[in-house]
Amino acid sequence: MKKSVLLGTLAIAGLAAGFASAQTLDEVQARGSLNCGVTTGLVGFAAPNASGEWEGFDVGLCRAVAAAVFGDATAVNFVPTTGQTRFTALASGEVDMLARNTTWTFSRDVDLRFEFVGINYYDGQGFMVPRELGVASAMELDGATVCIQTGTTTELNLADFFSSNGMSYEPVPIETNAEAQQQYLAGACDVYTTDASGLAATRATFEDPSAHVVLPEIISKEPLGPLVRHGDNEWGDIVRWTLNALIAAEELGITSANVAELASGTDNPEINRLLGTEGELGGMLGLSSDWAQNAIAAVGNYGQLFEDNIGESTPIGLSRGLNAQWTDGGLLYSPPFR
């Protein structure tokens, strides 16, 4: 089977960008701001608020990286990207990183020559239907029209699911979540399918969320996380360990409220290393010793970021589930800071 033109083109672009991007940190610092690729708008994850300021779970990671690099969480330019444009934006150097509910897959990592630096949300693909359809299972969707974002793993998973279950469907291709919402509510499709977290975020914006049902089936693994270009391990380390710092901070009991106090020194060597009062971890990254302290102070630890934007007390209403700390039965786990 021939490779897709898109994959081949992006692979070449990624290879070229990889060689050209070995000085991303220098470029970011010289520019004075981080260019962070985000979605075009998914409430709870990345969307402008009423004042036009970007906020959300993924936005928080962008701001944490900016705080780690500059000590200023506002030093970020947010670049909206679609499922189709996000990889070109990263490969071309238009953005320095993507934090855009993007699934880590083999081909994206290897063929497109990107480096996924971690997982910030463990997800899976689901289905949402109007309650009035009376559908209780995805196995009842034979012949349905389905709104589906192009250029995504969702598109491929949908084809696999219907084929393996001997069912047919009619795809309604859309580019953005806003377009999907519009088409779905207008009745252009019976079903909207995307990551379960995206379905929850979308349903929360409806006038009557209770009129729509997320079906129980989860048909895939969707490990979502930030990514950078191949060829710049130093920059990848900064994004990776900023994410890890937020995860470790929750496990260690470090919050945005107490981080300044703990940064004066504790009896816990790992807290001291993370916050820069012992060791030279910041210098190893080419950053100041308080890089992690700045990131945590700006957005809170992972748990704070989760609960503030997409947790059970928000309209999105997501439980921690697999995204709980490993000590609480989840998959969240940071390598040691030592």
Trainee: Would you say the side chain of Y302 lies within less than 4.5 Å of the side chain of E251, judging by non-hydrogen atoms?
Mentor: no
Trainee: Under 30°, 30 to 60°, or over 60°: which ring-plane class applies to Y192 and Y184, parallel, tilted or perpendicular?
Mentor: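 Y192 vs Y184 ring planes: tilted.
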Trainee: Against R86, only a single residue in T39, L227, T152 fulfils side-chain contact (heavy atoms from CB on, under 4.5 Å); can you say which?
Mentor: T152
Trainee: Indicate the atoms forming the closest heavy-atom contact of N309 with G56, along with that distance.
Mentor: OD1-CA, 3.3 Å
Trainee: Determine whether a donor-acceptor pair (N or O, by modelled atom type, separation under 3.5 Å) exists between the side chain of S164 and the backbone of D160.
Mentor: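 It does hold such a pair.
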Trainee: Checking W291 now: which residues fulfil ring-ring contact (aromatic ring centres under 6.0 Å, His included) with it, not counting sequence neighbours?
Mentor: none
Trainee: Going by salt bridge (charged side-chain N to carboxylate O under 4.0 Å, His left out), name the pairs with one or both residues in residues 59-85, residues two or more places apart or in two chains.
Mentor: none
Trainee: On a heavy-atom basis, which atom in E312 and which in S319 lie closest, and how many Å separate them?
Mentor: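 What the structure gives for the nearest pair is OE2-CB, 3.5 Å.
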Trainee: Before accepting this row, confirm whether a basic side-chain N of the pair D123/K221 lies closer than 4.0 Å to the acidic partner's carboxylate O.
Mentor: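 Not counted as a salt bridge, because no side-chain N and carboxylate O are separated by less than 4.0 Å.
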Trainee: Does some side-chain heavy atom of F57 sit less than 4.5 Å from a side-chain heavy atom of D308?
Mentor: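 The answer is no; the side chains never approach within 4.5 Å.
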Trainee: Can you confirm whether L98 sits close enough to F87 that some side-chain heavy atom of one is under 4.5 Å from a side-chain heavy atom of the other?
Mentor: yes
Trainee: Does anything in residues 314-338 form a salt bridge (charged side-chain N to carboxylate O under 4.0 Å, His left out)? List the pairs, not counting sequence neighbours.
Mentor: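 Applying salt bridge (charged side-chain N to carboxylate O under 4.0 Å, His left out) to every pair that reaches into residues 314-338, excluding sequence neighbours, yields E250-R320.
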Trainee: Kindly compute the distance separating CD (E270) from CD (E278), expressed to the nearest 0.5 Å.
Mentor: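 That separation rounds to 11.0 Å.
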Trainee: If I take atom CG from residue N233 and atom OG1 from residue T24, how far apart are they, to the nearest 0.5 angstrom?
Mentor: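 N233 atom CG to T24 atom OG1 measures 10.5 Å (nearest 0.5 Å).
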Trainee: What is the minimum heavy-atom distance between I148 and T193, and which atoms define it?
Mentor: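 Heavy atoms of I148 and T193 come nearest at CD1-CG2, 3.7 Å.
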Trainee: Less than 4.5 Å apart, side chain to side chain, heavy atoms only: is that true for V191 and Y169?
Mentor: no
Trainee: Is the backbone of E155 close enough, under 3.5 Å, to the side chain of Q125 for a donor and an acceptor to pair up by distance?
Mentor: no
Trainee: Taking all heavy atoms of P226 and all of V239, pick out the closest pair and write down the distance.
Mentor: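 What the structure gives for the nearest pair is CB-CG1, 4.2 Å.
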Trainee: State, yes or no, whether a side-chain contact exists between V259 and L275 at a heavy-atom distance under 4.5 Å.
Mentor: yes
Trainee: Quick one: are N272 and N268 in side-chain contact, heavy atoms under 4.5 Å?
Mentor: no
Trainee: If you define the side chain from C-beta out and look only at heavy atoms, does anything of V146 sit under 4.5 Å from V172?
Mentor: no
Trainee: Starting at OG of S288, measure out to CD of Q293 and round the result to the nearest 0.5 Å.
Mentor: 9.0 Å
Trainee: Is a donor on one side and an acceptor on the other found under 3.5 Å between the side chain of D96 and the backbone of N35?
Mentor: yes
Trainee: For T105, is there any backbone N or O sitting under 3.5 Å from a side-chain donor or acceptor partner on D109?
Mentor: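 Side chain of D109 to backbone of T105, a donor-acceptor pair under 3.5 Å: no, none is there.
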Trainee: Could I get the full list of ring-ring contact (aromatic ring centres under 6.0 Å, His included) partners for Y122, not counting sequence neighbours?
Mentor: none
Trainee: Please work out whether the ring planes of F306 and Y121 are parallel, tilted or perpendicular, with thresholds of 30° and 60°.
Mentor: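 Correct class here is parallel.
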Trainee: Who pairs with P209 by side chain to side chain contact (heavy atoms under 4.5 Å, CB included), at least two apart in sequence or on another chain?
Mentor: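 Counting only residues at least two positions away or on another chain, P209 forms a side chain to side chain contact (heavy atoms under 4.5 Å, CB included) with R203.
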Trainee: I'd like to know if the side chain of D190 and the backbone of T145 have a donor-acceptor N/O pair within less than 3.5 Å.
Mentor: yes
Trainee: Could you tell me whether the side chain of N49 and the main chain of G52 form a donor-acceptor pair under 3.5 Å?
Mentor: yes
Trainee: Return the CG to OG1 distance between L42 and T194, rounded to the nearest 0.5 Å.
Mentor: 8.0 Å
Trainee: Can you sort out the partners of V79 under side chain to side chain contact (heavy atoms under 4.5 Å, CB included), two or more places apart, ordered by chain and number?
Mentor: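 Testing V79 for side chain to side chain contact (heavy atoms under 4.5 Å, CB included), a comparison that skips the adjacent residues, returns T81, E94, V95.
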Trainee: Say whether, by atom type as modelled, one donor and one acceptor occur between the side chain of N258 and the main chain of T255 under 3.5 angstrom.
Mentor: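 Yes, the answer is positive, given that a donor and an acceptor are paired below the 3.5 Å cut-off.
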Trainee: If every non-hydrogen atom of C62 is compared with every non-hydrogen atom of F78, which pair is closest and at what distance?
Mentor: CB-CE2, 3.7 Å
Trainee: Could you check if a side-chain atom of R100 sits within less than 4.5 angstrom of a side-chain atom of F45, using non-hydrogen atoms only?
Mentor: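 They are not in side-chain contact.
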Trainee: Do side-chain atoms of R131 reach the backbone of S210 as a donor and acceptor pair under 3.5 angstrom?
Mentor: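 Present.
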